[in-house]
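First the structure, then my questions, so here it is.
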Protein chains: 2
Amino acid sequence: MLSDEHYMALALEQAELAGQCGEVPVGAVLRLSDGQLFQAHNAPISQHDVSAHAEIQVMRAACQSTANYRLLGAQLFVTLEPCLMCAGAIIHARIQRVVFAASEPKTGAVHSLYQVLSDIRLNHQPDVVGGVLQEAASTQLKDFFKARRKAKKNTHFV
Amino acid sequence: MLSDEHYMALALEQAELAGQCGEVPVGAVLRLSDGQLFQAHNAPISQHDVSAHAEIQVMRAACQSTANYRLLGAQLFVTLEPCLMCAGAIIHARIQRVVFAASEPKTGAVHSLYQVLSDIRLNHQPDVVGGVLQEAASTQLKDFFKARRKAKKNTHFV
């Protein structure tokens, strides 16, 4: 298996694609235990689907491909700390290991606002690593929101 | 608008359908502010989709139909207290009101294990009503698990 940074770099490419579609730039890569890779990005606006965060998109693709709603032994790489919805899905899928880049202080459910993935009352606790390529992910997000604010401002004064 | 019991009875019918497919019997009904209704049931096993809980299924259907990832003014009726994943999605969708039947002591994220829908740190708090047709929903779930245990036991001794 390649390094965490390798898979996170792929996730950052997915996040870039999301940003190009006007979606908040978050990308995810899922690696099954047999080495199969799935890649997806945040797409709720374009897909008309409130649940279409990058993590759910990539887990759904892997579930469809393996014809199984559980993804035992899988590793998930995502550019932003998962929210409550995605953390819940990660537990349902029995993901073995979660690697994320930037923290999300307002809504993060791994270590910021909630600590869902280490809650021993729930029936699964994946291994978790945070901060992998954090700088690149944070910059990508900041640049996206800066450009969006600028675009809105320009629209306002036209 | 009809009574909460009316919509919950429809959700219980959906839960019954889920049970007939071998899925845990949970059903949901979503009512948009214009009166449009959507109905769905729990289907992760049959749909090969870890996110296919009744609530996500019905929200996704409504999002697709309205071409909008937010469901402002919508009311969600579900036969079991939503889990973390579904509670997170409810907030993302800005559901106005959530009505559920039975509580889920082990994984419920509305009032049992977590109180996500009343967390003022998050940017939306729907109105919540619990316990509507609770008895019927609890009986449905108990009967399902009892039958499943019996089937497993019989298989074991054949």
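This one's a predicted model, so the numbers in the text were calculated from it and none came from an experiment. Each chain gets a letter, A, B and so on, in the order the sequences are listed, and its residues count up from 1. Computed from heavy atoms alone, side chains included, the values below leave out hydrogens, waters and symmetry copies.
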* So, A/R121 versus B/T107: side-chain donor-acceptor pair below 3.5 Å or not? -> no
* Structure fact -> Applying a strict 4.5 Å limit to non-hydrogen atoms, the region of B/N68 in contact with chain A is backbone
* Indicate, with yes or no, if the rings of B/H92 and A/H53 have centres closer together than 6.0 Å. => yes
* **Top contributor to chain A interface from B/A89, B/A67, B/P44, B/A93 [non-hydrogen pairs under 4.5 Å]** => B/A67
* Structure fact -> Separation between CD (B/Q47) and CD1 (B/I56), nearest 0.5 Å, reads 13.0 Å
* Check: A/H111 ring centre within less than 6.0 Å of A/F100 ring centre -> yes
* Please look at B/I45 and chain A and tell me whether the side chain, the backbone, both or neither of the residue comes under 4.5 angstrom of a heavy atom of that chain. => both
